[in-house]
Structure formats: structure tokens, C-alpha cells
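Taking it in order: structure first as C-alpha cells, then the write-up.
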Amino acid sequence: MKYDPGKIESKWQENWAADDVYRMTASDGNEKYYCLEMFPYPSGKLHMGHVRNYSIGDVIARYRRMHGFNVMHPMGFDSFGMPAENAAIERNTHPAIWTRQNIEVMRSQLQDMGFAYDWEREIASHRPGYYRWNQWLFLRLLERDLAYRKDALLNWCPSCETVLANEQVEENLCWRCGAVVEDRRMSQWFFRVTAYTDELLDGLDELDGWPERVRTMQRNWIGKSSGTRVTFDVEDSGEELVIFTTRIDTIFGASFMVLAPEHPLAERWRENGPGPDSEQVPEEFASAIDKLEKMPRRQNLGEASDKAGVFTGYYAINPFNRERLPIWITNFVLMDYGTGAIMGVPAHDERDFEFAQKYGLPIRPVIGPGEGDSPAWVDQPDQMEEASSLYGVLLPICGDYAGMTSEAAQQKMLEDANAGDFGETAVEYKIKDWGVSRQRYWGTPIPVIYCPDCGTVSVPDEDLPVTLPEEAEFTGAGGSPLGRVESFVNVDCPTCGGPAKRETDTMDTFVCSSWYYLRYLSPHDSRQPYDRGDADYWGPVDIYIGGITHAVLHLLYFRFFCKAMADLDLLSIREPVTRLLTQGMVLMGGTAMSKSKGNVVDPGEMVSRYGVDATRIFVLFAAPPERDFEWDEGGIEGCSRFLNRTFSLIEGSHEALERISGAGEGTHLVEPFLELRRKAHETTRRVTQEVDQRLHFNTAIAALMELLNECYAATAAVPVAEAGMAAWVYRDVFERMVVMLAPFAPHLSQELWEMLGHEGYVVDQAWPTYDIAVLARESVSMAVQVDGKVRGSIEVPAGLEDKDALVAEALKNSNVARHVKGRLIARSFVVPGKIVSLNTG
RNA sequence: GCCCAAGUGGCGGAAUUGGCAGACGCGCUAGGUUCAGGACCUAGUGGGCUUCGGCCCGUGGGGGUUCAAGUCCCUCCUUGGGCACCA
């Protein structure tokens with residue numbers, strides 16, 4: 001009989017479905033294990049990245065189940081989002097229809113892959129039964145002031161016709177479509193992520209199950225910096241100007257002040273005209289500010305960076321030395337960071353240096369190196385060719401602070417500023433609140449009503465869900481599509497009953513994915529988002545597997561939601577995920593597979609050619625999970641060969657095995673059988689370690705391949721039919737092999753399990769253990785070095801640790817003796833079981 | 001510019017704590033089988049030399065620590081990733 005993957009795979013998938021083998025029915029007394037993979041956006045068909053992601057998760061879920069854990073392993077669809085709407089526009093269909101069709105296709109593909117999901121728990125975020133809980137959670141956040149509405153300068157994607165969160169803008173481009181993002185002032189809903197900045201940051205230190213790379217990216221994103229807020233008086237105006245700096249020690253080097261064009265003072269002066277020292281007329285001045293405001297910002301223009309500015313005609317007074325500093329408005333200060341105003345210290349800040357050079361402002365160094373030679377600019381400021389941002393010692397020009405180190409000066413200056421009431425410590429963060437409003441149709445309606453009399457009113461819980469009206473128009477242009485659906489917009493105010501209007505924006509789809517792991521626990525519950533008892537039992541997720549692309553985006557929101565929900569008393573945990581595995585990409589020709597590049601390998605095609613098991617084995621075998629790997633046709637053939645050989649081995653010997661099954665354990669074994677048994681236990685040890693701790697499935701599979709090769713060698717020497725009393729070793733080794741193969745190639749191993757005469761499912765078998773006594777060898781081989789070079793190896797009894805005896809044994813080796821050449825052994829080192837190192841004088 | 005990974009045969013990769021580098025797979029070579037091809041089986045496969053005993057070189061380059069370095073330290077190079085007008 002020949003290995004026929006298609007036949008075996010459909011046979012067992014039918015059996016699994018009929019017997020509900022993957023339904024999660026938690027049994028008491030077992031430890032829980034929540035294995036979660038990032039749910040896919042239903043874009044059409046499964047791609048290789050999905051296959052890799054879900055194969056990894058499936059191995060872990062099956063492996064844990066075989067260790068007796070109650071394993072939660074669900075799957076669903078992240079089904080709200082722009083592509084559905086765009087497809088609807090292009091194909092003149094409805095997003096709901098397109099989405100439903102894609103889900104059908106992808107679910108069936110996932111089922112064809114034999115993944116051990118509990119499909120009873122499937123969720124899809126576009127269904128009202130799911131998104132009503134987005135709305136419910138939104139209202140809970142609103143009650144606690146963790147959701148709020150404000151006017152803000154936002155990232156507008158002109159191509160997607162919607163605003164984007166800061167996390168969704170990469171290098172000033174839209175993360176999804178790549179269009180250049182514009183600034184636009186709008187009124188929007190926000191989630192107060194900044195209420196948790198310190199916890200989000202500090203929590204990273206404890207997340208030792210997360211890759212350092214991801215933690216670093218989140219730290220960078222949060223961007224905490226500690227410094228000082230300093231208040232300057234604006235001369236002859238009664239105004240104050242507050243700036244933020246991390247380098248108050250350089251304040252004696254300040255030679256100008258800078259405002260963002262949106263700064264309140266800048267806006268006022270734009271209205272009222274420039275100060276007395278300006279040479280510009282009011283109109284010129286105002287238009288200069290307008291121009292600055294429109295210049296591209298928030299991006300490093302590198303060499304071509306064009307900093308520009310306009311002098312306001314006003315001066316600020318440095319509170320430390322009473323110096324008059326001209327106030328400028330520029331395009332390089334951002335209003336939404338710090339106070340939107342800075343002091344310009346060109347000698348010690350690259351950007352200020354560049355600006356000062358352009359406008360001929362003084363450059364005055366005030367920090368010198370603490371030790372070593374002083375650069376020329378310490379005495380001759382005009383020698384300065386670039387800013388020095390080093391921490392050092394304050395130069396004589398710094399009055400009372402001269403001679404202090406930067407650190408000491410920072411401390412003293414802060415104290416003095418506090419005492420003089422013109423400064424205080426301040427901490428600034430790069431991270432901003434999460435803007436969640438989207439001017440699109442295919443998302444969760446924001447459950448809020450605007451009443452002319454009552455203001456902003458929450459939709460009452462009992463009126464949830466606010467369902468998406470089906471009849472919207474999809475033109476992809478002209479504001480929120482919901483705004484054009486009269487029957488949706490017009491509503492009675494829940495408070496006063498008068499005519500009111502609904503919010504017409506929808507929520508960012510990242511809201512859906514921020515808490516979905518909890519909905520899997522109670523997917524059909526219509527009274528609550530999830531059962532609290534279940535959440536307490538199953539949380540946190542033990543392992544979460546997905547792409548690195550979400551290192552900041554989704555994973556930051558995920559953590560935020562967990563903390564916010566804990567504070568809403570909806571959860572007992574404050575971190576959602578214990579261990580994070582970020583899997584690498586499947587490449588083709590060095591780049592990610594993509595339709596536009598035409599380098600896509602269709603998993604369906606691989607499955608029909610080589611079978612599900614071979615496809616799964618290959619994506620696991622090609623590289624460790626976190627690394628990218630190149631798709632290789634030859635590689636999958638090798639995996640297919642491995643499965644074929646496994647099949648042939650057992651298919652060719654199981655009948656003989658049955659005939660002599662009487663032979664029992666305890667029989668005295670001769671060498672080849674002892675060695676095969678040892679190898680099998682050794683393999684058990686290796687596979688267990690690789691899967692359990694390191695999640696290196698490639699080496700686990702390699703170990704199984706080695707064992708198979710040993711089996712071939714053994715059966716070639718002594719066929720099963722001739723093994724007699726030792727045949728039980730073959731049975732034991734084959735069963736071990738089949739059971740350990742089960743997480744990787746579940747269909748084939750199930751078939752072989754049956755062939756070996758067993759009923760039931762191999763996934764319900766206990767994972768094999770190994771016996772130290774079996775692993776032990778009677779003798780071990782040790783390398784012998786002479787003067788640092790390997791010159792031979794010796795075979796010695798396993799327990800032998802006596803140094804003199806081992807050295808004596810080593811010297812019996814003729815090649816070793818030749819290299820020692822009768823010289824004295826000056827020193828020797830012995831690591832029992834590994835090496836004997838001899839050194840001649 | 002700053003920070004973090006990584007660099008090992010023709011290729012993907014292995015080497016758990018400093019202890020015989022190259023497991024496993026692909027590819028390649030030879031032999032077997034076959035009408036032929038494919039498939040399958042067996043053996044070999046880092047480079048150079050060899051008197052066939054072995055010897056020399058070898059984990060991006062250079063230096064160091066050590067009886068012993070892919071592994072630790074210093075330095076440089078390359079690739080990938082992250083951050084970058086955030087004061």
C-alpha cells in the first residue's frame with residue numbers, strides 16, 4: 001500500500017468532526033493552557049503566512065493537550081475593515097456579502113489544514129453579536145472618562161478618506177495604502193491610553209516571555225523622557241512662555257526661543273501682529289506663519305532638511321541670567337509634544353545649531369568635556385562646526401553653576417527654579433491617546449447620540465447593538481457613509497425623546513482585536529461579553545502567535561484594553577499575554593510573498609500536491625519559527641519523503657509485529673536493540689525539550705528524522721519478523737515515534753496509530769517519557785587533545801571519571817602517543833564523558 | 001546618526017553550560033533497481049594535501065582571554081530590523 005495523504009487526511013478530518021474531537025470540554029483538575037493565534041482578516045484565501053502561523057499554534061496546542069492540559073485553541077475572523085468596503089466599491093457588492101463569502105472560504109481552508117480548533121467558538125467581529133460588545137465596552141470606557149471626544153490635529157489619509165491613529169502612520173505614510181498623510185483638525189473620539197503610559201512602559205520589564213525586540217519597540221513608541229518645564233517671561237507683554245527641556249544644564253547657552261506655529265502665543269500674535277522689533281507688517285507676518293504651518297513636519301528631511309522661521313519681534317527673559325532672547329516661530333517644533341515651545345541652544349542641539357546657522361543667531365557653548373583635551377570651541381565658539389550634545393562640565397560663563405557636572409547642574413537648577421517658582425520637573429511621552437473614530441462604513445457604529453438639548457448622550461445598554469444599516473452607499477468619498485443614511489442618523493434622544501442625531505463615525509477595527517481573546521470564552525452569550533469565571537480561569541493567554549508587524553499597533557492596544565478592563569472591574573489580570581511568539585515571514589526571491597509581486601505560493605496547491613501534513617512539516621522544518629525563511633520546492637519534497645518513509649516503515653512491519661506481539665518487556669536485549677531503544681528515548685528527550693521550552697520545531701522534526709533513519713537501519717539488519725523476543729522494542733519505538741509525530745503531522749500519525757492496532761485518537765495519548773536508565777550507555781567516546789588539537793578519541797566505561805586512568809587510556813591511543821612523542825605531560829584537563837586535554841611542556 | 005539582532009558548506013539550517021563544527025533536510029556524485037524517465041534503496045559529499053597512517057586550513061575580517069572559542073572580550077566590515085526635527 002502506498003502513502004496517500006489526500007485519502008488519509010479527509011478520512012480523519014471526517015472522523016474528528018463526527019466525534020467533536022477538538023471541542024473544548026474542560027475537565028476538572030487539569031491545568032489550563034490558552035493557545036492563541038492572531039485571527040486573520042478574511043481577505044479571500046489563506047496564504048503561506050497564515051499556514052505557518054497556524055501550524056505553529058497547532059503544534060503547541062496538540063502538544064499541550066497530550067500533556068494533559070485543558071487547551072483553549074480557538075479561531076475567528078477580524079472581519080471589519082477597509083478592504084471589504086473597497087471590494088464592495090470595486091465589485092459593486094456589499095461588504096457583508098464579500099466578507100461572508102471570504103469567511104466561508106477561509107474557514108473551510110483552515111479546516112482542510114486539520115488545525116485543532118474548536119469551531120463551536122468561532123467569532124467574527126462584523127457580526128452584531130460581537131460588535132455590540134465593542135459598543136458596550138466603549139460605553140464603559142466613556143463612563144470612566146477613558147473614552148472622550150476632543151478637537152485635535154489628526155492624521156488624515158486622503159486615499160482611505162479617514163483619520164488614522166498615530167500608530168497607523170509609518171514615516172508619514174498610511175500603514176495600509178501608503179498615501180501621504182495630511183494634518184487635519186477634526187473632532188474625534190479617543191481612548192485615554194495615556195492614563196496607562198507608565199504601567200504600559202514598566203510592565204514591559206516583567207514581560208520576559210516577550211521578545212526583547214518587541215519590548216524595545218514598545219518602549220520607543222511610548223517614548224518617555226524626563227526633564228524640566230521652565231517658565232520665561234515675555235518682555236513688556238505680561239505673557240509667560242513655558243518650555244520643556246531635558247537639558248536644563250545648557251540653559252546658559254540659550255540664544256533664542258522657538259514656538260510651534262499652532263502655539264497659542266503664536267496664534268495670538270498672528271492675529272494682533274508682530275512685536276515692536278519686527279521689521280514685518282502684520283499681513284506679511286501672518287502669512288509667514290501660515291506658510292510655516294503648512295510645511296511638511298514630523299519627518300526628518302535629512303540633509304535637505306529646511307528649517308524655516310520668522311522672528312516675532314518679541315523677547316523672552318532667561319530666568320537664570322536675565323538675558324533677552326528673541327522669540328521665533330518655526331516649522332520644526334511640534335505643538336503636540338511638550339509645551340509646543342523650546343529654548344534654542346545651538347551649541348548643544350543639532351537642530352538648534354542648524355537653525356541658528358541659517359538665521360545668524362549666536363552659538364554659545366556652555367558645556368565642556370569633563371576630562372581630556374578641550375576642543376577648540378571651548379575658548380573660540382566660532383570654531384564650532386557641529387553641536388555637542390555630550391554631558392560634561394559647565395563652563396565659566398554659567399555663573400554659580402560653573403564647574404558643576406551636567407548632572408549636578410540639572411539637579412541644582414531644578415531646585416533653584418522650584419524655589420524661584422519658574423520651573424518644575426516634567427515627564428513627557430511620545431505616545432498619544434488612541435484616536436478611534438473612522439469615517440468609514442464597515443466598522444462598529446459608535447454608540448453615541450447628539451441631542452440639541454441634552455448634548456452627547458450614550459445609547460442605553462438595552463438598545464445595543466446599534467446595528468449597521470444595510471442600505472448605505474459605497475462611493476469611497478465624501479465623509480462617513482453612515483451620515484447619508486437618514487433612517488440611521490435621525491433618532492429620538494434617549495434622554496428627552498426629542499429629535500437627535502447619531503454619531504456617524506465607526507470605530508477603528510483595532511478595537512475588535514483588543515479583547516477578542518475573551519469573547520472566545522463565551523462566543524454565544526447574549527447577556528454579557530464573556531463569563532467572568534471563565535476569564536479568570538483561562539486568562540492570561542499562555543502563548544500568543546503572530547507577525548511582528550503588530551509589535552506596536554495591536555499589541556499595545558491589547559495591553560491597554562486589558563489594563564482598562566481590569567480597572568473597570570471586568571478582568572482580574574493586567575497583562576493579556578504571558579508568552580509572545582513573533583513568527584517570521586515566508587519569503588520568495590528574498591521578499592515577502594505578495595500578489596502584486598506575483599511570487600505567491602498557494603497553500604492549496606501545495607496541499608493537493610504533497611498533502612496537508614507535508615506542508616505543515618515543511619513550514620515548521622525550514623527554520624526556527626521567529627526567523628524568515630525562503631520557500632523552497634525541494635524542501636517540501638524532502639518533508640514529503642520523510643512522511644512516506646515513516647508510512648512505509650510501519651506499513652511494512654505492523655503485520656509481523658501483530659503476529660509476535662506476545663514477546664514481552666524485560667527480555668534480555670542484544671546490542672542493536674539496546675541502541676535503537678536508547679536512540680528512541682534520546683529522541684523523546686530532544687523533541688520534548690525543543691517543543692516545550694525553545695519552540696524550535698525544526699530541530700524537533702530533525703530528531704524524528706534521525707530516529708526514522710535508525711529504524712530503517714535496524715529493520716534492514718534484523719527485520720521485524722525475525723526479531724523474536726525483542727520485537728517489543730520495535731513496537732515501543734514505533735509507537736513513540738508515531739505519538740511524537742502527532743502534533744506535526746496529525747493525519748498520518750493518526751493513520752499509523754490505527755495501523756499499529758490502536759483505537760481512539762492519538763491526540764488523546766499521553767506524551768511519551770524517557771528513562772535516564774535507558775539513555776545510559778555502557779561506554780562513551782571521548783575526544784583527546786594534545787596541545788590544543790584533537791588527535792584521537794578513546795572509548796571508555798561510562799562512569800569513569802578518574803583523571804589518571806583517563807589520561808593513561810588516552811596515551812594508549814597510537815596517534816595521541818605519536819603527538820606526545822615521549823615528552824612529559826605538563827598539565828592535563830579532563831571533562832568526564834567529553835574530553836581529555838593533554839599539554840606537553 | 002542612535003539602538004538591537006544576525007553573519008557557519010553550493011543552499012535552508014544544527015551545535016542546551018566554552019569541550020570532537022557542519023546534526024537534519026535540499027542539492028550534487030557514484031552504485032543498485034528500472035525498457036526509459038521518475039520514484040525508491042545504498043554509499044559519499046567543508047577546502048587543500050596525503051606515503052591512505054594521517055596532516056594543514058576552516059564559523060564575516062583583525063586582535064585578545066583560555067589547556068580548549070562558532071560560543072567570552074575588544075575592534076572593524078556587511079546585512080536585516082527598530083528609532084529618528086519628540087527638545
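The sequence lines fix the lettering, A, B, ..., with proteins before strands; numbering per chain opens at 1. Any value given below was found using the heavy atoms of this structure, including those in side chains, with hydrogens, waters and symmetry copies removed.
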Could you tell me how far B:G58 sits from B:C49 if I compare only their C1' atoms? Round to whole Å.
15 Å
A:Asn698 vs B:A14: side-chain N/O to OP1/OP2 distance below 4.0 Å:
yes
Quick one: salt bridge (Lys or Arg N to Asp or Glu O under 4.0 Å) pairs with a partner in residues 223-232 of chain A, sequence neighbours left out?
A:Asp198-A:Lys224, A:Arg229-A:Glu428
Distance to the ring centre below 6.0 angstrom and angle to the axis at most 45 degrees; does that hold for A:Lys307 and A:Phe332?
yes
Over how many whole Å does the gap from A:Ile548 atom CD1 to B:C4 atom C1' extend?
11 Å
Can you see whether A:Tyr359 engages A:Thr330 through a side-chain donor-acceptor pair at a distance of less than 3.5 angstrom?
no
If I pick the P atom on B:G54 and the same atom on B:A6, what distance separates them, to the nearest angstrom?
38 Å
Atom CD of A:Gln785 and atom C1' of B:C67: how far apart are they, to the nearest Å?
7 Å
Atom C1', compared across B:A21 and B:U16: separation rounded to whole Å
16 Å
Give a yes or no on whether a salt bridge exists between A:Glu323 and A:Arg364, defined as a side-chain N under 4.0 angstrom from a carboxylate O.
yes
Less than 4.0 Å between a side-chain N and a carboxylate O, is that true for A:Lys679 and A:Glu682?
no
Output every pair passing salt bridge (Lys or Arg N to Asp or Glu O under 4.0 Å) with a member in residues 830-841 of chain A, not counting sequence neighbours, ordered by first then second residue.
none
If we take the P atom in both B:U71 and B:G62, what is their distance in whole Å?
13 Å
With heavy atoms under 4.0 Å as the rule, sort A:Ser837 into base, sugar-phosphate or nothing.
base
Can you tell me which nucleotide in B:C20, B:A14, B:A87 comes closest to the side chain of A:Ser225?
B:A87
B:C40 to B:C4 separation - P atoms, rounded to the nearest Å
48 Å
Taking only the P atom of each, what is the distance from B:G82 to B:C72 in whole angstrom?
26 Å
So, using side chain to side chain contact (heavy atoms under 4.5 Å, CB included) as the criterion, who are the partners of A:Asp433 when residues are at least two apart?
A:Tyr148, A:Phe190, A:Arg192, A:Val193, A:Thr194
Could you check how far CD of A:Glu633 sits from P of B:C11, rounded to whole Å?
20 Å
d(CD, A:Glu682; P, B:C24) in whole Å
13 Å
Classify the glycosidic conformation of B:G38 as syn or anti, calling it syn when the angle lies within 90° of 0.
anti
Round to the nearest Å and state the distance from A:Glu212 atom CD to B:A6 atom P.
12 Å
Tell me, which of residues 703-717 of chain A have any heavy atom that sits under 4.0 Å from an atom in RNA chain B?
A:Met705, A:Glu706, A:Asn709
Give me the distances for all protein-to-nucleotides 50-56 of chain B N/O pairs that come in under 3.5 Å?
residue: B:G54; atom: O3'; partner: A:Arg818; partner atom: NH2; Å: 3.1
residue: B:G54; atom: O2'; partner: A:Arg818; partner atom: NH2; Å: 3.1
residue: B:C55; atom: OP1; partner: A:Arg791; partner atom: NH1; Å: 2.9
residue: B:C55; atom: OP1; partner: A:Asn815; partner atom: ND2; Å: 3.3
residue: B:C55; atom: OP1; partner: A:His819; partner atom: NE2; Å: 2.6
residue: B:C56; atom: OP1; partner: A:Arg791; partner atom: NH2; Å: 3.1
residue: B:C56; atom: OP2; partner: A:Arg791; partner atom: NH1; Å: 3.0

Would you list the protein and nucleotides 8-10 of chain B atom pairs, both N or O, that sit under 3.5 Å from each other?
none

So what does A:Phe629 touch, heavy atoms closer than 4.0 Å: a base, only the sugar-phosphate, or nothing?
nothing
I need the A:Thr615 OG1 to A:Met606 CE distance, nearest 0.5 Å.
7.5 Å
Pairwise C1' distance for B:U8 and B:U78, with rounding to whole Å:
15 Å
Take A:Arg609 and A:Glu633 through the test salt bridge (Lys or Arg N to Asp or Glu O under 4.0 Å) and record every step on the way to the result.
CA-CA 11 Å; A:Arg609 208 174 324 159; A:Glu633 196 73 30; 2.9 Å; yes
What I'd like to find out is whether the side chain of A:Glu710 reaches to under 4.5 Å of the side chain of A:Thr683, using heavy atoms alone.
no
Sequence neighbours left out, cut at 3.5 Å: what donor-acceptor pairs do the side chains of residues 248-255 of chain A make with other protein atoms?
residue: A:Asp249; atom: OD1; partner: A:Arg247; partner atom: NE; Å: 3.0
residue: A:Asp249; atom: OD1; partner: A:Gln410; partner atom: NE2; Å: 2.9
residue: A:Asp249; atom: OD2; partner: A:Arg247; partner atom: NE; Å: 3.4
residue: A:Asp249; atom: OD2; partner: A:Arg247; partner atom: NH2; Å: 2.9
residue: A:Asp249; atom: OD2; partner: A:Ser406; partner atom: OG; Å: 3.0
residue: A:Thr250; atom: OG1; partner: A:Arg247; partner atom: O; Å: 2.7
residue: A:Ser255; atom: OG; partner: A:Pro362; partner atom: O; Å: 2.7

Rounded distance in Å - CZ (A:Phe332) to P (B:A87)
13 Å
Would you tabulate the side-chain donor-acceptor contacts of residues 788-796 of chain A under 3.5 Å, counting partners in other chains and residues two or more places apart, or write 'none'?
residue: A:Arg791; atom: NE; partner: A:His819; partner atom: ND1; Å: 3.4
residue: A:Glu795; atom: OE2; partner: A:Ser779; partner atom: OG; Å: 3.0

Under 4.0 Å, heavy atoms only, any strand: does A:Gln689 hit a base, just the sugar-phosphate, or nothing?
base
Quick check: do A:Phe744 and A:Val691 have side-chain heavy atoms less than 4.5 Å from each other?
yes
Going by the angle between their ring planes, with limits at 30° and 60°, are A:Phe256 and A:Phe355 parallel, tilted or perpendicular?
tilted
Scan side-chain atoms only and decide if A:Arg641 and A:Asn644 contain a donor-acceptor pair under the 3.5 Å cut-off.
no
Between A:Asn839 and A:Asp787, is any pair of side-chain heavy atoms under 4.5 Å apart?
yes
When rounded to whole Å, the CZ to C1' distance for the pair A:Phe621 and B:G25 reads 4 Å
Excluding sequence neighbours, so at least two apart, what forms side chain to side chain contact (heavy atoms under 4.5 Å, CB included) with A:Ala714?
A:Leu676, A:Tyr730
Could you list all N or O pairs between the protein and nucleotides 46-49 of chain B that sit under 3.5 Å apart?
none

What distance do A:His263 atom NE2 and A:Leu241 atom CG have between them, rounded to the nearest 0.5 Å?
5.5 Å
Dot-bracket encoding per residue of RNA chain B, Watson-Crick/G-U cut-off under 3.5 Å, | denoting interstrand:
(((((((..(((......[....)))((((((.......))))))((((....))))..(((((..]....))))))))))))....
Any N/O pairs under 3.5 Å between the protein and nucleotides 38-40 of chain B? List them or say none.
residue: B:C40; atom: OP1; partner: A:Arg641; partner atom: NE; Å: 3.3

Mind calculating the distance between NZ (A:Lys834) and C1' (B:U71) to the nearest angstrom?
13 Å
Does any non-hydrogen side-chain atom of A:Val586 lie less than 4.5 Å from one of A:Phe629?
yes
Pairing donors with acceptors under 3.5 angstrom, does anything connect the side chains of A:Glu167 and A:Trp221?
yes
For nucleotides B:C73 and B:U66, find the distance between their P atoms and express it as a whole number of Å.
16 Å
A:Arg827 vs B:C67: side-chain N/O to OP1/OP2 distance below 4.0 Å:
yes
